[in-house]
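Here the structure is a predicted model, which means the values were calculated and not measured.
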Amino acid sequence: MTSRTYDAAGRRAAAAYNRRAVLDAGLELLLRDGYQATTIRAVAERAGVSPELIYKTFKNKQGLMKGVYDRAVAGDDLQVAVGARPEIAAIWALRDPGRSSSRTPRSSPGSCTGSAGCSRC
C-alpha cells in the first residue's frame with residue numbers, strides 16, 4: 001500500500017486570501033466609519049467570511065485592528081515586526097549624510113543612551 005501525502009497548498013492559499021480580504025475590509029470600514037462603528041460582523045460581511053473566522057484568526061477587534069495597522073505600516077501582510085525586517089536593519093546601518101565622518105555611526109533603535117546629543121532622544 002502506498003502512502004499518500006497531504007498537500008495543504010490550497011488551504012494555505014485560501015487562508016492567505018481570506019486574511020487579505022479581512023484586512024482590506026477592516027481598513028476600509030475603519031477609515032469610513034471609525035473604530036467604534038467598525039464591528040467584526042460588518043468586517044466579515046464586507047470580506048465575505050464568517051465572524052468566527054475573524055475571531056479565530058485575530059482573537060478580537062483589537063487584534064484585527066492591530067493586523068490592519070501593521071499591514072498599513074509595513075505595506076504587506078508578513079507577520080514580522082517592522083524593526084526585525086532586513087530592509088529596516090539596512091536603513092539603520094546607513095551612514096547619515098548630514099553627519100560628519102568623525103562621528104560614530106547611527107545606533108539601532110532602542111540602543112541610544114541619550115549621551116552625545118542624539119537627535120532621537
With a 4.5 Å cut-off on side-chain heavy-atom distances among I, L, V, M, F, W and Y, is there a chain of contacts connecting [X] to [Y]?
{"X": "Ile40", "Y": "Leu31", "value": "yes"}
{"X": "Val68", "Y": "Tyr35", "value": "yes"}
{"X": "Tyr17", "Y": "Leu23", "value": "no"}

Here the pair of heavy atoms bringing Val22 nearest to Val43 is O-CG1, 3.7 Å
Heavy-atom closest pair (Gly26 atom, Met65 atom, distance to 0.1 Å) is O-CE, 4.4 Å
Set of residues satisfying salt bridge (Lys or Arg N to Asp or Glu O under 4.0 Å) with respect to [X], sequence neighbours excluded:
{"X": "Glu45", "result": "none"}
{"X": "Lys66", "result": "Asp70"}
{"X": "Arg85", "result": "Asp76, Glu87"}

If the condition is side-chain hydrogen bond (donor to acceptor under 3.5 Å, both in side chains), which residues does [X] pass it with, not counting sequence neighbours?
{"X": "Asp24", "value": "Arg71"}
{"X": "Asn18", "value": "none"}
{"X": "Lys61", "value": "none"}

Any residue meeting side-chain contact (heavy atoms from CB on, under 4.5 Å) with [X], in chain and number order, not counting sequence neighbours:
{"X": "Ala90", "value": "none"}
{"X": "Ala9", "value": "Asp7, Arg12"}
{"X": "Ala16", "value": "Arg20"}
{"X": "Asp33", "value": "Leu29, Ala37, Thr38"}

_Under 4.5 Å side-chain linkage, directly or through intermediates, the cluster mates of Tyr6_ =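 None, because no other hydrophobic side chain comes under 4.5 Å of this residue.
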If you look only at distance, which donor and acceptor atoms sit under 3.5 Å apart when one is on a side chain in residues 50-58 and the other is two or more places apart or in another chain?
| unit_1 | atom_1 | unit_2 | atom_2 | d |
| --- | --- | --- | --- | --- |
| Ser50 | OG | Leu53 | N | 3.1 |
| Thr57 | OG1 | Leu53 | O | 2.9 |

